[in-house]
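All ligand and atom numbering here is 1-based and tracks the order in the structure.
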Amino acid sequence: MSASVSTASSPLYAIVLAAGQGTRMRSGKAKVLHKILGRTMVDCSLSLLAPLGVQKTALVLGHQAADVEAAVRASGIAVPGLTVAIQAEQRGTADAVRCALPVLPDLATAGGRVLILYGDTPLLTEDCLAELLRKTTGKLGMISTTLSDPHGYGRLVRQGGKAHKIVEHKDCTPEELAICEVNAGIYVVDAAFLVDSLTRVGQSQATHEFYLTTLVELATASGEEVAVVSASPDEVMGVNDRQDLVAAEAIFRTRILRRHMQAGVTIHDPATTFIEPGVVLGRDCELYSGVSLRGKTRIGEGCVIDQGCVLTDVTVESGAHLKPYTVAAQSHIGPRCQVGPFSHLRPDSRLHEEAHVGNFVELKKTELGKRSKANHLAYLGDSTIGSEVNIGCGTITCNYDGFAKHQTIIEDGVFVGSDSQLVAPVRLGQGSIVAAGTTVTRDVPAGALAVTRVPQDNKLEAADKLRARFRARKAKS
Ligand code: UD1
Ligand code: CA
């Protein structure tokens, strides 16, 4: 990772351009709010800035600006000194940068440099920007890439091997159209040079837009050498439609999977595994096909996450085994726990070490103590369950009366027999036993046996008599 490249004497500012409409997404939502692996595109760009030592950030918005700003603020990513600037009418990239100036310190006098990037290039990396900052020793540096099909992009025209100017596709001569090295749209510019240059950019004959690319000509005309960093096409890929979006997501996904595999995680089926960028995985974890790990999920060492598990903001401690099709959110799974197959942990569930939760068991706001087990068909909601408790098959906490939620407390060492209903609020005292089929409506004292069954009556030979009666009735009809 790069070191910070800004200093107090040479501050670094950032301008992120995202005012465009993104018509080709055919969406009711602003383009930059579309997500790849759970992160909006604009957040992908903005998240690069803090590690580079950016001091202030101007985000230029136009279409659905309020929605984009609200989403960025709500996402919780750290953006250094973020201020939104509005470009009401999209009059080109130079005009967009001009709109950003009022929300930044006076660049003509503040000195330093300005990093300019887009909000729709989600695969850009911090390393690439750090290299641009390092290699740019003069007034202007830019990123280029080489495409087999450069259609639509601005071409980088070189003279004597050096960057000379950028010509937009629409303005290219036939010779320029044949150039495959294109402008990625990412620059670092000396602050004073930027302010001065923006006053000199004229309107394009072809589109009447103000082109930021004019900076290259202005720099070379004044005898400046423009630094060019060439990036892989993937890295600077812009997203314009849904196909681009999924293509970008696939590349991003592969990058993340590769990083985890290099760090000692076995991913048996990378083609079907989705790991969001904020997820942490310990060494020697094994992930099987169809696993999705989302949000702030953190998994300790040596965990097995079997086929089809979907975990969102879940902490899993070392040595836990999640069997197939476990779905969990905002929950904590302790060391060496066993969960699944087909378990559902809803928010605020907490399993202590070596607890077991089995098939068709749902937990919500429930704590299950050390070595306690709920192995089959149960609903445990708003409950605090101690250690070494056995929750029998078909146990239900009746936590909701149609108006309010109520607590169930089960102390250490309790045995709850199968098919029991625990009508909350209720407490089962330490070491008590609830007989199978019991409906508990009052607290059970420690050590007591609670039974609410109707006494059993065996009517001898009555089964055969009953069958004979039914048979006769059927024959008559
Ligand atoms: C721009 C470059 C082109 C480069 C390409 C790379 C110019 C003139 N051309 O072309 O050389 O190859 O990017 O993708 O700069 N935006 C605004 N306000 C505007 C116009 C654009 O905020 O008035 C934002 C857009 O939201 C987008 C970015 O700037 O994030 C680039 O705009 P876009 O219209 O895609 O630029 P291109 O014409 O593709
Ligand atoms: Ca574009």
Side-chain angles (χ1 to χ4, degrees), residues 14-25 27 29-34 40-46 58-65 68-69 84-101 103 115-124 140 142-147 149-157 163-172 176-177 179-187 189 194 197-198 201-218 226 228 230-231 233-241 244-245 248:
I15 298 175
V16 179
L17 306 186
Q21 187 164 14
T23 338
R24 281 181 281 162
M25 291 300 282
S27 176
K29 189 162 71 175
K31 175 165 89 172
V32 294
L33 291 187
H34 285 265
T40 64
M41 290 198 274
V42 68
D43 279 357
C44 290
S45 295
L46 293 171
L59 173 61
V60 182
L61 299 176
H63 287 277
Q64 294 166 300
V68 177
E69 181 172 10
V84 166
I86 301 292
Q87 184 195 26
E89 201 188 325
Q90 275 68 71
R91 301 197 303 156
T93 42
D95 180 69
V97 170
R98 224 182 265 142
C99 291
L101 298 184
V103 308
L115 190 59
I116 299 172
L117 54 152
Y118 298 163
D120 60 1
T121 54
L123 299 179
L124 188 62
L140 179 63
M142 60 171 279
I143 297 180
S144 77
T145 190
T146 300
L147 302 176
D149 174 15
H151 188 93
Y153 286 86
R155 308 298 204 279
L156 177 59
V157 178
H164 177 62
K165 61 177 177 177
I166 294 167
V167 185
E168 291 307 297
H169 185 94
K170 287 178 186 132
D171 305 318
C172 279
E176 287 163 347
L177 281 177
I179 298 172
C180 290
E181 189 181 11
V182 302
N183 169 33
I186 300 150
Y187 319 85
V189 199
L194 177 64
S197 300
L198 286 173
V201 174
Q203 257 170 315
S204 144
Q205 300 282 331
T207 61
H208 305 291
E209 287 191 5
F210 295 90
Y211 289 168
L212 188 59
T213 48
T214 312
L215 292 187
V216 176
E217 280 163 73
L218 292 172
V226 177
V228 180
S230 59
D234 283 0
E235 193 146 23
V236 294
M237 163 188 183
V239 169
N240 292 310
D241 58 28
D244 293 343
L245 186 76

In terms of atom number and element, which parts of ligand 1 are under 4.0 angstrom from non-hydrogen atoms of [X]?
X: Gly20; value: 22 (O), 25 (C), 26 (O)
X: Ala184; value: 6 (C)
X: Ala96; value: 17 (C), 18 (N), 22 (O)
X: Asp120; value: 27 (C), 30 (O)
X: Thr93; value: 7 (C), 8 (C), 15 (O), 20 (C), 21 (C), 29 (O)
X: Arg91; value: 23 (O)
X: Tyr211; value: 8 (C)

Hits for ring pair (Phe, Tyr, Trp, His ring centres under 6.0 Å) against His151, two or more places apart or cross-chain, chain-then-number order -> His169

Gap separating the [atom1] atom of [X] from the [atom2] atom of [Y], nearest 0.5 angstrom:
X: Glu235; Y: Leu123; atom1: CD; atom2: CG; result: 8.0 Å
X: Glu181; Y: Ile166; atom1: CD; atom2: CD1; result: 9.5 Å
X: Leu46; Y: Leu117; atom1: CG; atom2: CG; result: 8.0 Å

Nearest candidate to [atom], where distance is taken over non-hydrogen atoms, out of [options]:
atom: atom 28 (C) of ligand 1; options: Tyr118, Tyr153, Phe210; result: Tyr118
atom: atom 29 (O) of ligand 1; options: Asp95, Leu17, Asn240, Thr213; result: Leu17
atom: atom 20 (C) of ligand 1; options: Ser45, Ala18, Gly92; result: Gly92
atom: atom 18 (N) of ligand 1; options: Gln87, Gln21, Met237; result: Gln87
atom: atom 4 (C) of ligand 1; options: Val201, Val167, Leu117, Asn183; result: Asn183
atom: atom 3 (C) of ligand 1; options: Gln90, Glu168, Met41; result: Glu168

Using a plain distance cutoff, I'd like to know if [X] has any nitrogen or oxygen under 3.5 Å from a nitrogen or oxygen of ligand 1.
X: Gly154; answer: yes
X: Glu89; answer: no
X: Leu212; answer: no
X: Tyr187; answer: no
X: Ala19; answer: yes

For the side chain of [X] and the backbone of [Y], is there at least one donor-acceptor N/O pair under 3.5 Å apart?
X: Thr93; Y: Leu212; value: yes
X: Gln87; Y: Ala19; value: no
X: Lys31; Y: Val239; value: yes
X: Thr145; Y: Ala231; value: yes
X: Ser204; Y: Glu209; value: no
X: Arg155; Y: Leu177; value: yes

Under 4.0 Å between heavy atoms, the region of Ala94 that gets near ligand 1 turns out to be neither

For Glu168, the salt bridge (Lys or Arg N to Asp or Glu O under 4.0 Å) test, sequence neighbours excluded, returns none

Discussion item. For a 4.5 angstrom cut-off between non-hydrogen side-chain atoms, does Met41 reach Leu245?
Written reply: yes

